Amino acid sequence: MAKTIGLIIDQLVYEYQAEMWHGVCDMAQKLGCNLISYVGSTIDFADNDLMSQNKIYEYISNKRLDGAIVLISSVSSHVNKAGKLDFMHKIAEKCPVISVGDLLEEYPSIGVDNHNGMFDSVNHLITKHGKRKIAFVGGPKNSDEAATRLGAYKAALKANNIAFDEKLYFEGSFIFSSGVEAINAFTGAKTEFDAVVAASDWMAFGVIQQLLQLGFKIPEQIAITGFDNVESAYVSTPPLSSVKQPVYEMGQKAVRTILDMIDKRPYEKKIIYPTEFIVRDSCGCLMTKTEAENEAVQTEKTVSNDTLKSHEKMKSSMIEKLKQDIEQGDGHDFLHYFNSIVDKVTRTEDISEYQKLIFEIRESLIRPELLINQKIAPIEQIHKHRIFKQDTVEKLIKAVSEYTYAVDDYLHRARLIISRKAEQLQFVKYLDANNKSAQIITIGQNILTTYNRNYLFSVIKRDFPKVDIPSCAIVQYSKQQAEDNSEYSKMLYYYNKDKDQNISTEPFKTEILIPDQFWPDKSHSPWIANVVPISYQGTPVGFVFYESKNRFGLIFEAFSSEISSALKGIQIYEDHEKVSNSIQDRSRRINELVAPMLESILQVSNISGDEIQAIRNLSDMTATGLSQLKSANDIIGKASSSINQMLGMIDLIEDVSANINILALNASIESARAGTYGLGFQVIAEEIKQLSDTTASNTKNISEVLKSVVSNIEESSSASQENFKVFTKVKDHVAQVTNLLTNVTNKMNELSSASNDILTEIERKI
């Protein structure tokens with residue numbers, strides 16, 4: 001039964017991690033074991049979205065793994081030694097484990113000679129280019145590799161009598177943005193520097209970009225070196241001088257070592273690979289003989305014994321074929337053989353090995369001290385006769401020149417074969433990357449535009465085979481909190497291009513990743529799977545289990561991100577539909593309740609309108625009555641005034657009557673005095689008195705009558721005024737009631753209109 005090993009890695013996209021992954025994948029396939037890559041993030045990272053992806057590390061289990069390889073230098077670059085050991089211990093409790101990157105005494109480890117590689121890089125800038133103010137962009141302080149590289153930088157400065165300057169140091173994170181930030185920090189502080197050494201290539205790329213944007217010339221003004229020698233270093237502008245570490249080979253060695261541990265075979269507990277400083281344009285060196293010499297000297301340091309023997313055997317065979325072709329005059333065995341070897345190269349980074357091989361062949365054939373061993377007639381004649389004749393010397397010079405020219409001509413054509421192969425590999429890689437990127441974009445758009453689960457799953461089933469993903473499973477955590485482990489999970493979807501299977505929503509133990517019935521078939525062994533977490537806005541959702549031998553890591557991380565967004569979008573859409581349906585249902589119920597209310601409101605409004613009109617009529621009638629009552633009051637007032645005038649006249653008559661009585665009395669007195677002569681006055685006096693008495697009596701009667709009339713008029717006027725006040729109050733009250741009813745009616749109409757608006761708004765489609 002095939003073993004299954006795990007690779008614990010923080011991503012598959014950056015070239016360092018991708019190269020390690022490729023080495024592990026290739027060796028696992030070669031040795032017939034299955035591989036599961038747990039792709040999380042850097043532990044203890046500040047970004048919550050990335051932290052949520054680390055939950056995947058909690059489900060590493062011996063239920064699925066026989067052993068695990070941990071790229072500890074990347075996964076734990078932000079934690080201290082105790083944090084690294086704690087992380088390794090949790091995995092070691094479940095299965096055998098090996099560390100790659102950092103050398104840990106407590107666990108089997110594979111690493112590189114970080115010190116010598118970085119020392120050579122800094123020393124090269126000082127001794128070959130005369131740099132004295134060398135800035136250093138380091139890695140995280142908790143990284144053992146970063147600490148070693150910083151120590152080597154300081155050692156190189158000290159070896160050349162240059163003091164370490166804290167102002168020329170910047171702590172980065174091994175990523176592109178750190179290089180940009182470092183240059184901004186140096187230039188912002190007006191720190192002078194003539195070179196920058198970065199502890200990783202990607203930080204060096206950031207340095208180059210920012211310096212170019214600020215107008216600096218590289219390498220004329222500022223020399224740059226990196227560390228890792230990733231593939232992009234070959235094609236950066238300018239090409240980056242870098243320290244090469246055999247990451248691919250380390251991945252392969254890690255697989256062999258973990259299998260030895262699983263099978264309890266002897267294994268090396270600590271493996272340290274040598275590093276090599278590769279010079280290119282960014283430090284001021286060109287791809288000339290100087291570089292070739294540098295690489296040739298280092299060749300034996302970077303290859304294993306088996307590889308070295310194979311290399312020497314191939315070189316010897318090529319030298320013999322080249323000699324034969326030169327002797328024949330125009331043979332082609334060497335070029336055919338060389339072309340057949342180079343044609344088998346599949347990785348751009350391996351091309352440089354054949355550049356070195358050409359240099360070594362040339363050194364073996366035309367180096368002055370070796371020419372004496374070549375089969376050149378004049379040389380043999382000199383050896384035989386020990387005579388130096390002029391014509392012999394001339395023939396010797398001519399023969400050596402022709403021989404040297406022939407060697408260089410063949411090797412030049414060999415270099416053209418290498419260049420053509422390199423261009424072919426780059427072009428194929430470019431086309432492949434473009435094609436894969438286009439596929440990712442197209443499939444990603446299809447995934448992101450889904451609004452229901454069935455359509456999402458149909459897109460996966462239709463499109464994933466196009467990018468060599470034969471099967472995948474989408475798993476959802478039961479507990480979706482970053483701080484809590486989810487002991488159980490459930491399958492959301494399973495796709496397999498070879499067979500259809502109905503999924504069950506029954507929960508299963510998360511540590512087994514997917515239920516047994518969905519596990520890759522033994523007939524597929526050795527298979528490769530990638531477990532990539534899915535999260536949304538810092539909340540872990542679950543993961544996607546991909547079975548695929550596709551080596552383009554961006555596919556899996558991009559699809560997982562898009563699936564996560566699609567699932568969240570689908571959930572939002574489904575929630576929206578539920579809310580919409582609920583609102584429409586409530587709308588119908590509200591409509592059933594409001595419609596009768598509206599009818600009642602309209603009836604009240606109509607009745608109120610009739611009442612308002614009636615009250616308005618009453619108000620008009622009251623106003624008319626008040627007007628007439630006011631006129632009557634005016635007439636009564638005038639009558640009262642006239643009667644009062646009559647009473648005044650009666651008082652005047654009474655005064656006259658009193659005067660008449662006085663006059664009669666006087667007449668009687670005068671009559672008595674007159675005697676007989678006064679009899680006539682007596683008669684007149686009596687008549688006058690009688691007239692006066694009668695007038696007084698009548699006036700009294702009239703006065704009493706008029707007073708009675710005045711009293712009645714005054715009472716009538718008072719009553720009329722009271723009535724006027726009452727009617728005025730009635731009129732005012734009627735006006736108030738009318739206004740009140742008008743307002744009520746208006747409010748009723750407004751309520752009716754608003755209710756209609758409410759119903760219309762509720763019935764609108766959400």
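For clarity, every value in this text was computed on a predicted model and none was experimentally measured.
- Between the Glu145 side chain and the Asn114 main chain, no donor and acceptor come within less than 3.5 Å of each other.
- Across all non-hydrogen atoms, the minimal contact from Lys55 to Ser486 is CE-N, 3.8 Å.
- Applying the salt bridge (charged side-chain N to carboxylate O under 4.0 Å, His left out) test to pairs two or more places apart or on separate chains, those with a residue in residues 62-76 are Lys63-Glu511, Arg64-Asp516.
- Using a 3.5 Å distance cut-off with no hydrogens or angles, the side chains of Asp228 and Gln245 do pair a donor with an acceptor.
- For Tyr14, there are no side-chain hydrogen bond (donor to acceptor under 3.5 Å, both in side chains) partners, not counting sequence neighbours.
- Distance check, rounded to the nearest 0.5 Å: CE of Met88 to CG of Asp86 gives 11.5 Å.
- The main-chain N or O of Ser560 is never found under 3.5 Å from a side-chain atom of Ser564 such that the two would form a donor-acceptor pair.
- For Asp463, the side chain to side chain contact (heavy atoms under 4.5 Å, CB included) partners at least two apart in sequence or on another chain are Ile443, Asn446, Val459, Lys466.
- Ring orientation note: the planes of Tyr59 and Tyr477 are tilted relative to one another, at an angle of 30° to 60°.
- Between Trp527 and Asp521 there is no side-chain heavy-atom pair separated by less than 4.5 Å.
- Formation of a donor-acceptor pair under 3.5 Å by the Ser242 side chain with backbone atoms of Asn229 is found in this model.
- The closest donor-acceptor contact from the side chain of Ser74 to the backbone of Asp10 lies at 3.5 Å or more, if one exists at all.
- Donor-acceptor pairing under 3.5 Å is recorded for the side chains of Lys549 and Gln29.
- Partners of Arg453 under the side chain to side chain contact (heavy atoms under 4.5 Å, CB included) rule, at least two apart in sequence or in another chain, are Phe457, Leu492, Leu567, Ile570, Glu574.
- By the 4.0 Å N-to-carboxylate-O rule, Lys509 lies close enough to Glu487 to be salt-bridged with it.
- Under the 30°/60° scheme for interplanar angles, the aromatic rings of Phe205 and Trp202 are found to stand perpendicular.
- Tyr248 and Asp26 form a side-chain donor-acceptor contact under 3.5 Å, judged by distance and modelled atom types alone.
- Put simply, the side chain of Thr275 gets close to the backbone of Gly117: a donor and an acceptor are under 3.5 Å apart.
- Residues that satisfy the side-chain hydrogen bond (donor to acceptor under 3.5 Å, both in side chains) test with Ser525, not counting sequence neighbours, are Asn34.
- The backbone N or O of Ala199 lies less than 3.5 Å from a partner atom in the side chain of Arg149, making a donor-acceptor pair.
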### Message
Show, in sequence, the C-alpha distance, side-chain angles and deciding distance for Phe559 and Phe464, and conclude whether the ring pair (Phe, Tyr, Trp, His ring centres under 6.0 Å) test is met.
### Response
CA-CA 10 Å; Phe559 285 170; Phe464 275 21; 5.0 Å; yes
Without placing hydrogens or testing angles, list every side-chain donor-acceptor pair under 3.5 Å for residues 98-106, not counting sequence neighbours.
from: Ser99; atom 1: OG; to: Asp102; atom 2: O; distance (Å): 2.8
from: Asp102; atom 1: OD2; to: Lys84; atom 2: NZ; distance (Å): 3.3
from: Glu105; atom 1: OE2; to: Lys270; atom 2: NZ; distance (Å): 2.7

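- Partner of Met250 under the side chain to side chain contact (heavy atoms under 4.5 Å, CB included) criterion, out of Ile110, Ile271, Leu71: Ile110 alone.
- Put simply, the side chain of Asp201 gets close to the backbone of Phe227: a donor and an acceptor are under 3.5 Å apart.
- Among Phe87, Phe543, Tyr38, the single residue meeting the ring pair (Phe, Tyr, Trp, His ring centres under 6.0 Å) criterion with Tyr57 is Phe87.
- Within the 4.5 Å cutoff, no side-chain heavy atoms of Ser61 are placed close to those of Ile512.
- Side-chain atoms of Asn80 do not come within 3.5 Å of backbone N or O of Asn142 as any donor-acceptor pair.
- A side chain to side chain contact (heavy atoms under 4.5 Å, CB included) with Leu513 is found for one member of Val475, Leu65, Ile36 and no other, namely Ile36.
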